Participant: 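This is the structure I want to talk about, given as structure tokens.
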2 protein chains.
Amino acid sequence: MNKPVPDPRPYHHGDLSRALVDAARRILETQGPTALSLRAVAREAGVSPAAPYHHFKDKDQLLEAVAHEGWTALDAALAKARAEAKNARDRLTSIGVAYVCFARDNPALYRVMYDGARNKDSLPEQLKDDGAYCQVRNTIAAQSDDTVTDIDLELATIAAWCAGHGLAEMIGFKQFEPLKQALGGEQAFLRAVFEHLGMFAKYDHGVLQTD
Amino acid sequence: MNKPVPDPRPYHHGDLSRALVDAARRILETQGPTALSLRAVAREAGVSPAAPYHHFKDKDQLLEAVAHEGWTALDAALAKARAEAKNARDRLTSIGVAYVCFARDNPALYRVMYDGARNKDSLPEQLKDDGAYCQVRNTIAAQSDDTVTDIDLELATIAAWCAGHGLAEMIGFKQFEPLKQALGGEQAFLRAVFEHLGMFAKYDHGVLQTD
DNA sequence: ATGTTATCTAAACGCTGTCCAGATAGGACC
DNA sequence: GGTCCTATCTGGACAGCGTTTAGATAACAT
């Protein structure tokens, strides 16, 4: 009576869960979010429409797996930006720019990531443990002195995260085009917006004025 | 040969366009965005599934009409907050809080509003002319001195708008619950996050340091 | 070799957005 | 008032969707 472990062993197909997630990401990249149906994913993976149900409870759970990979990729992108920042002064801004650029470069994936979060009214736990959100908090903490309370740190992280997300969702909006051009490119535009949030500069001094 | 003007005259039904938009909003409020199908709207309005096509090109155009009313309602909410702000000092923060509260109180409508915007990669023109976005810019402008350039003003408005939107999309996230409690309520939490964005305080002095 | 069980297919259900042919009814013109 | 036009609405259809069910198949344990 060997217990039926939910193992990822290759059976008929080989590794269908993997293949399905890959197929989904391929469709997302080439045809966008509206083309991402369960049937289309199955078609792309070369199986029947019902096959995915042996690996995922429903469509949402497949999208969750896709989103999980998205968050992991975001982790990596932020870590890279953090490591490459020339100096501590603009480390947080660089992370912010990297965040928005990730969303700009993977718009469909980014949408799936936040669709999942909104449906559950929760960011994935992944982020808190050692992920992107944690990186932002650590970066802010490193720039703060010891007068900054835990609550302030958390509030600042939330503020930074929300600002990044807001900008990420709107970066492609055509209303911003003239401004981007006036500032000499998207990167300059992003840095300028982040700097106008003030908070990023504020923490340079290691001082947080809550009033 | 009287030209067939696209007039909103009551024909068989009376004013089906109106009735459809109202039906859609009713469904949004009571059953959420996932229940909002064209057929459900037609059902709610008491007409056949094909009837809406004489008033809207497709489902997206009906949603656009719904979104338009949403943006108008947001205009009013921000105007109210702006008028009621006790002093100039926290006028911008009050507007920000009102923005997020609007999204929290009308989550389904807010979602339709931004779904439409994202699909067109553009905020509605409505906002620029005399709407909510314009109100934010005017409020910031009123707090700035004359050393602030037009570009700075635009950047600050974008920053504020994005921060508000980011917070609006995440305000319901369960990760923030403990912090809300620690600060004694949602309103206090919102004000605290906005204040940690720094920018709001920054403009109090009427000085904008771009470097 | 046998039996068990995970895996996959084929077919079906009810739902969706959208289109078409035909019925109907309001307004314009004589 | 009668006639025509055209906007409006219905019923029926189509393809596609997410999901379920029953049955075939193939890998594994014994």
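For clarity, every value in this text was computed on a predicted model and none was experimentally measured. Below, chain A is the first sequence line, B the second, and so on; all start at residue 1.
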Participant: Can you pull the ring pair (Phe, Tyr, Trp, His ring centres under 6.0 Å) pairs that have at least one residue in residues 28-52 of chain A, sequence neighbours excluded?
Facilitator: none
Participant: With sequence neighbours excluded, tell me which residues meet side-chain contact (heavy atoms from CB on, under 4.5 Å) with B:A42.
Facilitator: B:V47, B:P52
Participant: To check you understand the geometry: which heavy-atom pair defines the closest contact between B:L20 and B:A45, and what is its length?
Facilitator: CD2-CB, 3.9 Å
Participant: Would you compute the distance between atom CG of A:L167 and atom CZ of A:F194 and round it to the nearest 0.5 angstrom?
Facilitator: 5.0 Å
Participant: Residues in side-chain contact (heavy atoms from CB on, under 4.5 Å) with A:N138, at least two apart?
Facilitator: A:R82, A:C134
Participant: Would you mind reading off the distance between A:D15 atom CG and C:dT7 atom P, rounded to a whole angstrom?
Facilitator: 10 Å
Participant: Take atom NZ of B:K80 as the centre, draw a 6.0 Å sphere, and report whether it contains more than 12 heavy atoms from other residues, nucleotides or ligands.
Facilitator: no
Participant: May I have the list of side-chain donor-acceptor pairs in residues 168-190 of chain A shorter than 3.5 Å, sequence neighbours left out?
Facilitator:
| from | atom 1 | to | atom 2 | distance (Å) |
| --- | --- | --- | --- | --- |
| A:E169 | OE1 | B:R118 | NH1 | 2.8 |
| A:E169 | OE1 | B:H165 | NE2 | 2.6 |
| A:E169 | OE2 | B:R118 | NH1 | 2.6 |
| A:K174 | NZ | B:S122 | OG | 3.1 |
| A:Q175 | OE1 | B:L123 | N | 3.1 |
| A:Q175 | NE2 | B:S122 | OG | 3.2 |
| A:Q175 | NE2 | B:L123 | O | 2.5 |
| A:E177 | OE2 | A:K180 | NZ | 3.1 |
| A:K180 | NZ | A:I171 | O | 3.0 |
| A:K180 | NZ | A:E186 | OE2 | 3.2 |
| A:E186 | OE1 | A:R104 | NE | 3.4 |
| A:E186 | OE1 | A:R104 | NH1 | 2.3 |

Participant: Taking only residues two or more places apart in sequence or in another chain, which ones pass side-chain hydrogen bond (donor to acceptor under 3.5 Å, both in side chains) with A:N119?
Facilitator: B:R111
Participant: Tell me the interatomic distance from A:R43, atom CZ, to C:dA10, atom C1', rounded to whole angstroms.
Facilitator: 16 Å
Participant: Check DNA chain C for consecutive Watson-Crick or G-U pairs with both distances under 3.5 Å and list the runs of at least three as stems.
Facilitator: C:1-30 with D:1-30
Participant: Please tabulate, for the side chains in residues 26-37 of chain B, all donor-acceptor contacts under 3.5 angstrom to protein atoms that are two or more places apart in sequence or on a different chain.
Facilitator:
| from | atom 1 | to | atom 2 | distance (Å) |
| --- | --- | --- | --- | --- |
| B:R26 | NH1 | B:E44 | OE2 | 2.4 |
| B:T30 | OG1 | B:R26 | O | 2.9 |
| B:S37 | OG | B:A40 | N | 3.0 |

Participant: What are the residues of residues 48-57 of chain B, sorted by number, that bring a heavy atom to within less than 4.0 Å of DNA chain D?
Facilitator: B:S48, B:A50, B:A51, B:H54, B:H55
Participant: Scan the side chains in residues 61-72 of chain B for donor-acceptor partners under 3.5 Å anywhere in the protein, sequence neighbours excluded, and list what turns up.
Facilitator:
| from | atom 1 | to | atom 2 | distance (Å) |
| --- | --- | --- | --- | --- |
| B:E69 | OE1 | B:R25 | NH1 | 2.8 |
| B:E69 | OE2 | B:R18 | NH1 | 3.1 |
| B:E69 | OE2 | B:R18 | NH2 | 2.8 |
| B:T72 | OG1 | B:H68 | O | 3.0 |
| B:T72 | OG1 | B:Q126 | NE2 | 2.8 |

Participant: Take atom CG of B:L20 and atom C1' of D:dT8, then tell me their distance rounded to the nearest Å.
Facilitator: 12 Å
Participant: Which residues pass the side-chain contact (heavy atoms from CB on, under 4.5 Å) test with B:A132, sequence neighbours left out?
Facilitator: B:L74, B:D75, B:L78, B:L127, B:W161
Participant: Can you give me the closest heavy-atom contact between A:H196 and B:A156, atom names plus distance?
Facilitator: CD2-N, 3.9 Å
Participant: Measure across A:L153 and A:T157 and return the closest heavy-atom pair with its distance rounded to 0.1 Å.
Facilitator: O-OG1, 2.7 Å
Participant: Give, ordered by number, those residues of residues 61-68 of chain B having at least one heavy-atom distance below 4.0 Å to an atom of DNA chain D; if nothing qualifies, reply none.
Facilitator: none
Participant: Please list, by residue number, the residues of residues 26-41 of chain B whose heavy atoms come closer than 4.0 Å to an atom of DNA chain C; answer none if no residue qualifies.
Facilitator: B:S37, B:L38, B:R39
